[in-house]
Amino acid sequence: MKRPLQVTLLVLSGLGLLHASLFTDLSLRFVKEGMRPMLVASGVLLLVLGVAEAWSHQTPADENGHDHDHEDTDADRHGDAHGHDHSTVPRIAWLLFLPALSLLFYAPPALGAYTAAREAPKAVTEQRYFDPLPATSPVPLTLTQFTSRVQQDHKRDIGGRSIRMTGFVTPDKGADGWYLTRIIFTCCAADAQSVKVRIHGAAALPADTWVTVTGTWHPGGKLGTSSAPAALDARTVKKVAKPVNAYTDALPLF
C-alpha cells in the first residue's frame with residue numbers, strides 16, 4: 001500500500017475510535033465502560049502515528065530538483081524481477097478502510113431482543129446468604145437479584161412482595177407472556193450473555209422497548225429452589241428511556 005493511503009488509513013482509524021469512544025457513546029455497544037479510556041488512547045495513538053508517518057517522509061528535493069521520495073524505480077514502473085507489479089494497491093487492501101469508515105458513518109446496531117431470543121439465559125451464581133429485603137415497596141431489584149432470590153433464598157422473602165425491575169422486551173412467540181431482558185457484557189459484545197424474567201399478565205410491547213415492570217412473583221415450583229421460575233405477575237408496565245450504558249444488569253430506572 002502506498003504511503004498516502006497508509007497515512008489516510010491510520011488517521012481514519014484513529015478518528016473512528018475517537019468518534020465512538022470520546023465524542024459519542026457508540027463504544028458502549030461493543031465494550032464495557034471500563035475499556036473506554038483504552039479506546040481513546042488507541043485512537044490518539046493512531047492519529048499520532050499517521051501524522052508522524054506523513055511528517056517523516058516529507059523530504060526536500062535535492063539540488064537537481066528531484067524528489068527522491070516520490071521517484072518511481074524501474075521495478076515500480078515495470079514490475080520486479082519476478083514479475084510482481086508494486087505500482088498499484090492490491091484490491092484486498094481497500095477492505096481495510098471499511099472498519100474505519102463504519103465507525104465514522106455507520107455503527108452496527110446494538111444487541112437486543114434478536115440476540116437474547118436465540119441464546120439460553122445466563123446461569124445465576126450460587127449464593128447462600130441473602131440480606132433481608134428493604135421495607136420499601138415496591139422493592140427495586142436487578143433481574144439477576146430477582147432470579148437468585150426466587151431460586152436460592154430459602155427464607156423465601158420474595159414471596160408476596162411487590163418488585164420493580166427494568167429491562168427491554170423480548171417477545172416469546174407461541175407462549176404465555178414475554179421476557180424482561182438484560183444483556184450483560186463481561187468484557188465486550190463477543191462474550192455477551194442475557195438474563196431473563198418471564199412476565200405474565202401484561203401485553204408485550206414491541207421488541208427492544210425498554211420498560212420498568214412492577215409486580216409480584218408468579219407462583220410455580222417451590223420458592224427458594226431451582227424449580228421456582230424466574231417469572232413475574234405484572235401489575236404495571238411503564239416505558240422508559242434506554243440507559244446510556246445498557247449492557248449491565250442495573251437497578252430499575254425511575
CA sep, side-chain torsions, deciding dist, call: W178, V237, side chain to side chain contact (heavy atoms under 4.5 Å, CB included):
CA-CA 12 Å; W178 47 276; V237 178; 4.3 Å; yes
Steps toward side chain to side chain contact (heavy atoms under 4.5 Å, CB included) verdict (I163, T214):
CA-CA 6 Å; I163 307 299; T214 301; over 6 Å; no
Trace of the side chain to side chain contact (heavy atoms under 4.5 Å, CB included) decision for L141 with I158
CA-CA 11 Å; L141 291 177; I158 203 82; 3.7 Å; yes
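Hydrophobic clustering of Ile, Leu, Val, Met, Phe, Trp and Tyr side chains at less than 4.5 Å, counting indirect connections, unites L10 with L45. In this structure, V169 is a member of the same hydrophobic cluster as L180, with clusters built from ILVMFWY side-chain heavy atoms closer than 4.5 Å. Hydrophobic clustering of Ile, Leu, Val, Met, Phe, Trp and Tyr side chains at less than 4.5 Å, counting indirect connections, keeps V211 apart from Y179. With hydrophobic clusters built from ILVMFWY side chains whose heavy atoms lie under 4.5 angstrom apart, V48 shares a cluster with V40.
Annotation for P140 and L251: closest pair O-CD2, 3.8 Å, computed over non-hydrogen atoms. The two residues K222 and A228 make their nearest non-hydrogen contact at O-CB, 3.4 Å. In this structure, T166 and R182 approach most closely via the heavy-atom pair O-NE, 3.0 Å. When all heavy atoms of I199 and A234 are compared, the pair lying nearest together is CG2-CB, 3.7 Å.
Between the side chain of T142 and the backbone N or O of Q145, at least one donor-acceptor pair lies under 3.5 Å. A donor-acceptor pair under 3.5 Å links the side-chain atoms of W217 to the main chain of P229, judged by distance alone. Under a 3.5 Å cut-off, the side chain of T147 and the backbone N or O of L143 do form a donor-acceptor pair. Formation of a donor-acceptor pair under 3.5 Å by the T209 side chain with backbone atoms of P206 is found in this model. At distances below 3.5 Å, at least one donor-acceptor pair connects side-chain atoms of K155 with backbone N or O atoms of F130. The closest donor-acceptor contact from the side chain of S42 to the backbone of M38 lies under 3.5 Å. Panel note: side chain K242, backbone F168; no donor-acceptor pair is recorded below 3.5 Å.
The side-chain contact (heavy atoms from CB on, under 4.5 Å) test with L232 singles out one residue from M165, H200, R198, and that residue is M165. Under the side chain to side chain donor-acceptor pair (under 3.5 Å) rule, D153 has a single partner from R149, Q151, R156, which is R149.
A distance of 9.0 Å separates CG in D208 from OG1 in T115, rounded to the nearest 0.5 Å.
Using a 4.5 Å cut-off on side-chain heavy atoms (C-beta onward), R161 and L133 make contact. Within the 4.5 Å cutoff, the side chain of Y247 has no heavy atoms near those of the I184 side chain.
Residues H218 and D233 bring a donor and an acceptor atom of their side chains to less than 3.5 Å of each other. A donor-acceptor contact closer than 3.5 angstrom links the side chains of S162 and R235. Neither side chain, S194 nor T181, offers a donor N or O lying under 3.5 Å from an acceptor on the other. In this structure, a donor-acceptor pair under 3.5 Å is present between the side chains of T225 and S227.
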